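These notes concern the structure reproduced below.
Atoms considered below: every heavy atom in the structure, side chains included; atoms not considered: hydrogens, waters and symmetry mates. The structure presented is a predicted model; accordingly, all values stated were derived computationally and were not measured. Numbers restart at 1 for each chain; the letters A, B, ... are given by sequence-line order, proteins then strands.
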Amino acid sequence: MPELPEVEVVRRGLQSSAVGRRITDLEILDARTLRRHGQGPQDFIEQVTGACIDSAQRRGKYLWLPMKTGSGEGTAMVVHLGMSGQMLVSRSDIPDQRHLRCRFVLDDGADELRFVDQRIFGGLYMDRLIAVDDAPGETIPSTIVHIGRDPLDRLFSLDEVFAQTQRRRTEIKRILLDQSVAAGIGNIYADEALWRAGLHFATPVNSMSRDEVTAIYAAAHEVMTEALDQGGTSFDSLYVNVNGESGYFARSLNVYGRAGENCRRCNSTIVRSAFMNRSSHYCPVCQPIP
DNA sequence: CCCGGCTCTTGGGCGC
DNA sequence: TGCGCCCAAGAGCCGG
């Protein structure tokens with residue numbers, strides 16, 4: 001389940017293995033992957049064929065590859081991995097992976113960039129880049145301007161996040177997962193950050209002090225940085241880097257996926273309960289219900 | 001504007 | 001052995 005650390009691992013892989021290369025041909029094996037590309041598959045093919053990959057950028061869980069295309073500058077291929085998306089750079093003679101949705105032939109054809117996605121929650125589309133208000137020279141795809149800066153971004157503003165928590169009337173986990181407040185946090189790192197900060201997921205945000213809001217986002221920053229250092233969290237083969245390798249952070253998780261096991265801080269039994277139509281994992285002693 | 005619920009999607013796992 | 005159901009999850013969308 002790629003969240004910020006996993007997407008950043010993929011971005012770094014693309015930075016070293018795909019940036020600077022030209023897409024000389026491509027094949028779309030499942031057009032559903034282009035759901036958000038409004039002009040259809042043929043338009044996508046026309047835009048991408050012959051384009052050179054200029055860089056690999058990320059905000060939160062969104063990746064994009066700015067490209068020089070025939071039609072003009074200021075466009076990028078936006079990539080969202082969803083639950084099960086993978087961007088793989090591999091030699092062309094390696095057989096197609098199961099669930100291969102799109103193939104980009106690089107340069108002379110010896111290598112390919114492959115988008116593999118079992119559940120088709122992820123997707124690819126072309127978008128125009130527009131200027132960012134708060135940073136001169138920085139651009140972002142037009143469709144994701146509503147996505148907030150993430151905790152690892154040098155311009156991340158805790159003041160703005162705290163202001164949001166003051167005026168919203170909802171629970172802290174909804175805010176953690178709201179990508180317009182702070183991007184990149186998904187279900188796994190939300191649960192892990194809440195455990196580290198000692199807060200229950202249903203804590204009303206407008207009741208939280210400045211210190212508590214600071215603590216929860218510091219915890220999110222900390223756990224995501226540690227996960228990035230371990231190559232991300234992999235439970236199975238669904239999340240891998242561009243070389244198809246898994247990360248090792250799953251063994252360091254304290255609550256996610258540990259229902260029925262003991263809390264590493266106080267030895268109580270970890271609980272799993274439903275919230276927002278998904279699972280939340282917490283320690284009932286370290287994170288008392290408000 | 002804000003809130004919260006619905007929807008899309010595949011395949012592994014489990015009960016009968 | 002096989003069928004059917006549940007679950008995993010991000011984020012756009014829409015009704016209240």
Side-chain angles (χ1 to χ4, degrees), chain A residues 1-8 10 28-38 58-64 78-87 97-102 115-125 127 140-151 160-161 163-194 201-207 220 224 227 232-240 246 250 253 255-260 271-281:
Chain A
M1 279 133 265
E3 302 178 28
L4 189 154
E6 294 75 33
V7 178
E8 176 61 14
V10 172
I28 299 161
L29 294 95
D30 192 323
R32 288 177 297 177
T33 281
L34 306 183
R35 195 180 309 128
R36 292 192 67 189
H37 188 84
R58 182 189 58 76
R59 181 182 284 203
K61 303 169 197 170
Y62 279 91
L63 268 175
W64 68 93
V78 183
V79 181
H80 198 292
L81 301 176
M83 276 182 77
S84 56
Q86 305 173 351
M87 288 290 268
Q97 291 80 1
R98 200 171 170 207
H99 309 302
L100 177 66
R101 309 297 182 187
C102 195
F115 183 72
V116 173
D117 188 11
Q118 180 198 94
R119 296 175 196 168
I120 321 183
F121 261 47
L124 310 171
Y125 59 96
D127 194 8
I140 191 169
S142 69
T143 48
I144 62 171
V145 289
H146 62 289
I147 301 295
R149 291 190 181 273
D150 61 60
E160 287 177 25
V161 172
Q164 288 269 352
T165 63
Q166 293 283 88
R167 71 166 170 268
R168 299 275 294 262
R169 300 177 65 83
T170 189
E171 304 94 339
I172 181 59
K173 191 169 175 183
R174 282 188 196 278
I175 298 296
L176 286 170
L177 295 176
D178 185 334
Q179 304 297 300
S180 69
V181 177
I185 303 168
N187 203 39
I188 297 171
Y189 297 113
D191 282 3
E192 293 298 313
L194 287 164
F201 61 80
T203 305
V205 275
N206 59 343
S207 76
M224 291 197 293
T233 300
S234 304
F235 296 108
D236 45 37
S237 58
L238 283 187
Y239 161 68
V240 293
S246 294
L253 297 174
V255 281
Y256 187 89
R258 296 192 67 240
V271 173
R272 180 173 76 117
S273 70
F275 181 72
M276 289 176 72
N277 286 326
R278 45 182 49 63
S279 294
S280 282
H281 312 74

Minimal non-hydrogen separation, Val10(A) against Val240(A), with atom names
CG2-O, 4.0 Å
Please give, in whole Å, the distance from [N] [atom2] to [X] [atom1]?
| X | N | atom1 | atom2 | value |
| --- | --- | --- | --- | --- |
| Leu176(A) | dG4(B) | CG | C1' | 17 Å |
| Asn277(A) | dA8(C) | CG | C1' | 12 Å |
| Glu171(A) | dG4(B) | CD | P | 6 Å |
| Met83(A) | dT10(B) | CE | C1' | 9 Å |
| Arg169(A) | dC3(B) | CZ | P | 9 Å |
| Arg98(A) | dG12(B) | CZ | P | 6 Å |

With a 4.5 Å cut-off on side-chain heavy atoms, are [Y] and [X] touching?
| X | Y | result |
| --- | --- | --- |
| Thr33(A) | Ile28(A) | no |
| Thr233(A) | Tyr189(A) | yes |
| Tyr62(A) | Pro141(A) | no |
| Ile185(A) | Met224(A) | yes |

Find which nucleotide of DNA chain B each of Arg167(A) and Arg35(A) is nearest to by heavy atoms, and output the residue with the more 5' nucleotide.
Arg167(A)
Compare the minimum distances between each of [options] and the side chain of [X], then state the nucleotide with the smallest one.
| X | options | answer |
| --- | --- | --- |
| Tyr62(A) | dT10(B), dC2(B), dA11(C) | dA11(C) |
| Lys61(A) | dC6(B), dT10(B), dA11(C) | dA11(C) |
| His99(A) | dG5(B), dG10(C), dG11(B) | dG11(B) |

Sub-3.5 Å donor-acceptor pair from the side chain of Arg32(A) to the main-chain atoms of Asp30(A), do we have one?
no
Any sub-3.5 Å donor-acceptor pair from Gln179(A)'s side-chain atoms to Gly60(A)'s backbone N or O?
no
Rounded to the nearest 0.5 Å, the CG atom of Leu253(A) sits from the NE2 atom of His281(A) at a distance of 10.0 Å
Run Thr143(A) and Tyr125(A) through side chain to side chain donor-acceptor pair (under 3.5 Å) and show every step you take.
CA-CA 10 Å; Thr143(A) 48; Tyr125(A) 59 96; 2.7 Å; yes
Got a donor-acceptor pair under 3.5 Å from the side chain of Arg119(A) to the base of dG12(B)?
no
Indicate, with a heavy-atom threshold strictly under 4.0 Å, whether Gly82(A) touches base, sugar-phosphate, or nothing.
nothing
Can you tell whether the side chains of Arg58(A) and Asp150(A) come within less than 4.0 Å, N to carboxylate O?
yes
According to a strict under-4.0 Å criterion, is [X] in side-chain N/O contact with OP1 or OP2 of [N]?
| X | N | answer |
| --- | --- | --- |
| Arg32(A) | dT10(B) | yes |
| Tyr189(A) | dG10(C) | no |
| Arg174(A) | dG4(B) | yes |
| Gln118(A) | dT10(B) | no |
| His146(A) | dG12(C) | yes |

Distances under 3.5 Å between protein N/O atoms and the N/O atoms of nucleotides 3-7 of chain C, please, pair by pair.
none

Listed pairs, N/O of protein and of nucleotides 14-16 of chain C, under 3.5 Å:
none

